[in-house]
Enquirer: 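Sharing a structure with you now.
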Amino acid sequence: MIESVVLEALKAIIPEDKILLQEPMAGHTSFRIGGPADCLIEIETVEQLGKILAYLNSPEIGNLREEGFFPKEEVLPKKGWRRVPCFVLGNGSNLLVSDAGYRGVVLHIGSRMSQVTVSGDTVTAAAGALLSQTARAALEHGLTGFEFAAGIPGSIGGAAVMNAGAYGGEMKQVVQEVTVLTRDGKELVLDNAEMDFGYRTSLLKKFPYIVTKVVLQLHPGDPVQIRAKMDDLAARRREKQPLEFPSAGSTFKRPEGCFAGQLIEQAGLRGFQIGGARVSEKHCGFVINAGGATASDVFALMKEIQSRVKEMSGVELEPEVVLLGEF
Ligand SMILES: Cc1cc2nc3c(=O)[nH]c(=O)nc-3n(C[C@H](O)[C@H](O)[C@H](O)COP(=O)(O)OP(=O)(O)OC[C@H]3O[C@@H](n4cnc5c(N)ncnc54)[C@H](O)[C@@H]3O)c2cc1C
């Protein structure tokens with residue numbers, strides 16, 4: 001439950017109809033799983049976001065920390081840093097939310113903050129812009145280099161955080177700079193080197209800044225070829241991935257020197273199911289919601305996969321999917 005004093009203050013910053021209470025997270029994740037968030041706010045502008053962050057960090061909302069208000073997954077790098085737990089949601093395509101939901105405020109950076117503009121060879125996208133939308137803008141302006149991202153179902157903010165990639169491309173190759181707000185509402189602009197991109201990681205995995213804008217540096221290209229490449233990659237996805245079922249994409253990161261899906265298959269887990277959660281028969285690297293899966297089903301299946309793969313190969317699979325709430 002959100003304290004009424006907190007709620008009243010949020011209403012002074014953001015229109016009431018953009019503040020959703022007890023909002024089922026299943027409607028905001030590609031897994032179609034997740035209990036209610038105490039509060040979900042549809043962010044419309046960077047200014048609103050800055051004010052909310054400043055408020056959530058202000059002394060006036062009292063000693064919620066002492067009341068045990070923080071769930072255990074919260075990281076508190078310095079004293080007094082965050083007094084109301086908050087989580088930033090993009091397009092929810094890399095996320096497993098617990099069945100009990102989330103005790104805190106979810107800041108949703110989605111379609112209301114999704115403007116994309118193109119100038120010369122650079123594309124500037126607000127954090128909530130979908131990768132598909134951004135790739136379409138690049139295509140329309142005859143810019144190449146972003147085709148790899150067209151079929152990844154995330155927001156550009158979420159993609160910057162985890163250095164999303166596919167078919168030999170990754171965000172690291174195209175990001176010129178990323179604008180973020182720190183958790184106390186200050187704006188920073190990070191260049192490509194400062195983002196410290198690595199395989200499915202970046203600086204923002206260590207520092208919980210909030211992405212508000214991403215600038216991409218692309219190159220002039222032939223629109224016919226750009227479209228052909230996008231179509232080819234989309235066809236490869238449809239052929240190899242279980243897009244007909246809800247999922248969060250690859251459940252585990254690719255271990256050094258092998259593929260998670262291969263290890264899972266070799267462990268005899270193709271089609272293995274716990275409750276409604278199943279290892280996809282089409283692509284063993286995907287855990288899918290085969291119908292009515294709970295977060296507990298998915299989590300139990302992930303644990304079972306990790307344990308059987310470890311037993312068989314000695315490899316410890318690391319989740320790529322972000323977990324939110326109590327597991
Ligand atoms: C069918 C399918 C296929 C997929 N294929 C690929 C693929 O080929 N390659 C790949 O890399 N991924 C893939 N994914 C996973 C996913 O789409 C990407 O990881 C994507 O980048 C996640 O973005 P999102 O906006 O959905 O993030 P969310 O799921 O909303 O959030 C993921 C994490 O990013 C953080 N975050 C989101 N937005 C922001 C922001 N503005 N500021 C700060 N933090 C933020 C969240 O707090 C959370 O920690 C796939 C997923 C599905 C369902």
Side-chain angles (χ1 to χ4, degrees), residues 25 28-34 37 40 43 46 49 53 73-75 85-97 102 104-114 125-134 147-172 178-183 188 190 195 197 199-214 233-234 236-238 240-254 261 280 282-283 285-289 319-325:
M25 291 298 289
H28 296 274
T29 65
S30 56
F31 251 136
R32 298 281 166 252
I33 292 172
L40 184 145
I43 304 292
V46 178
L49 185 60
L53 292 172
E73 84 268 19
E74 292 292 309
V75 182
C86 57
F87 178 83
V88 184
L89 173 71
N91 203 39
S93 65
N94 197 32
L95 197 60
L96 179 64
V97 183
Y102 181 62
V105 177
V106 173
L107 304 172
H108 184 206
I109 299 184
S111 60
R112 290 176 180 81
M113 235 176 86
S114 65
L130 293 177
L131 293 167
S132 54
Q133 170 194 356
T134 312
E147 295 88 328
F148 75 89
I152 303 176
S155 67
I156 199 150
V161 172
M162 62 99 68
N163 188 21
Y167 303 108
E170 56 178 357
M171 293 298 287
K172 179 183 180 170
V178 176
T179 304
V180 298
L181 290 186
T182 61
R183 290 287 173 142
L188 297 177
L190 304 167
M195 280 294 288
F197 289 116
Y199 171 65
R200 299 295 172 268
T201 190
S202 75
L203 179 85
L204 307 186
K205 285 279 191 184
K206 290 178 221 130
F207 293 88
Y209 300 154
I210 301 178
V211 179
T212 56
K213 190 171 74 179
V214 178
L233 297 183
R236 283 156 74 177
R237 269 183 196 276
R238 280 194 302 274
K240 300 271 186 229
Q241 299 183 357
L243 302 183
E244 59 281 21
F245 288 101
S247 79
S250 298
T251 314
F252 299 99
K253 292 186 181 179
R254 193 180 61 223
S280 162
K282 195 166 173 186
H283 187 320
F286 280 56
V287 167
I288 57 170
N289 177 355
E320 182 169 309
V321 171
V322 174
L323 303 181
L324 179 65

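Counting starts at 1 for both ligands and their atoms, in listed order. Along the sequence shown, residues are numbered consecutively beginning with 1.
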Enquirer: Nearest 0.5 Å, please: how far is NZ in Lys282 from CD1 in Ile288?
Expert: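 Interatomic distance, Ile288 CD1 to Lys282 NZ, rounded to 0.5 Å: 10.0 Å.
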Enquirer: Scan the side chains in residues 240-250 for donor-acceptor partners under 3.5 Å anywhere in the protein, sequence neighbours excluded, and list what turns up.
Expert:
from	atom 1	to	atom 2	distance (Å)
Gln241	OE1	Arg237	NH1	3.4
Ser247	OG	Gly249	N	3.1

Enquirer: Applying a heavy-atom distance cut-off of 4.0 Å, which protein residues contact ligand 1?
Expert: Ser30, Phe87, Val88, Leu89, Gly90, Asn91, Gly92, Ser93, Asn94, Leu95, Ile109, Ala127, Ile152, Pro153, Gly154, Ser155, Gly157, Gly158, Ala159, Val161, Met162, Ala164, Gly165, Ala166, Arg200, Tyr209, Ile210, Val211, Arg237, Gln241, Leu243, Ser247, Ala248, Gly249, Val322
Enquirer: With sequence neighbours excluded, tell me which residues meet ring pair (Phe, Tyr, Trp, His ring centres under 6.0 Å) with Tyr167.
Expert: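 Ring pair (Phe, Tyr, Trp, His ring centres under 6.0 Å) list for Tyr167, sorted by chain: empty.
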Enquirer: Checking Tyr209 now: which residues fulfil ring pair (Phe, Tyr, Trp, His ring centres under 6.0 Å) with it, not counting sequence neighbours?
Expert: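 Listed in chain order: Phe207.
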Enquirer: Which is it for Ile33 and Leu96 under the side-chain contact (heavy atoms from CB on, under 4.5 Å) test, yes or no, and what are the steps along the way?
Expert: CA-CA 7 Å; Ile33 292 172; Leu96 179 64; 4.1 Å; yes
Enquirer: How many angstroms lie between CG in Asn94 and OG1 in Thr251, if you round to the nearest 0.5 Å?
Expert: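 Interatomic distance, Asn94 CG to Thr251 OG1, rounded to 0.5 Å: 9.5 Å.
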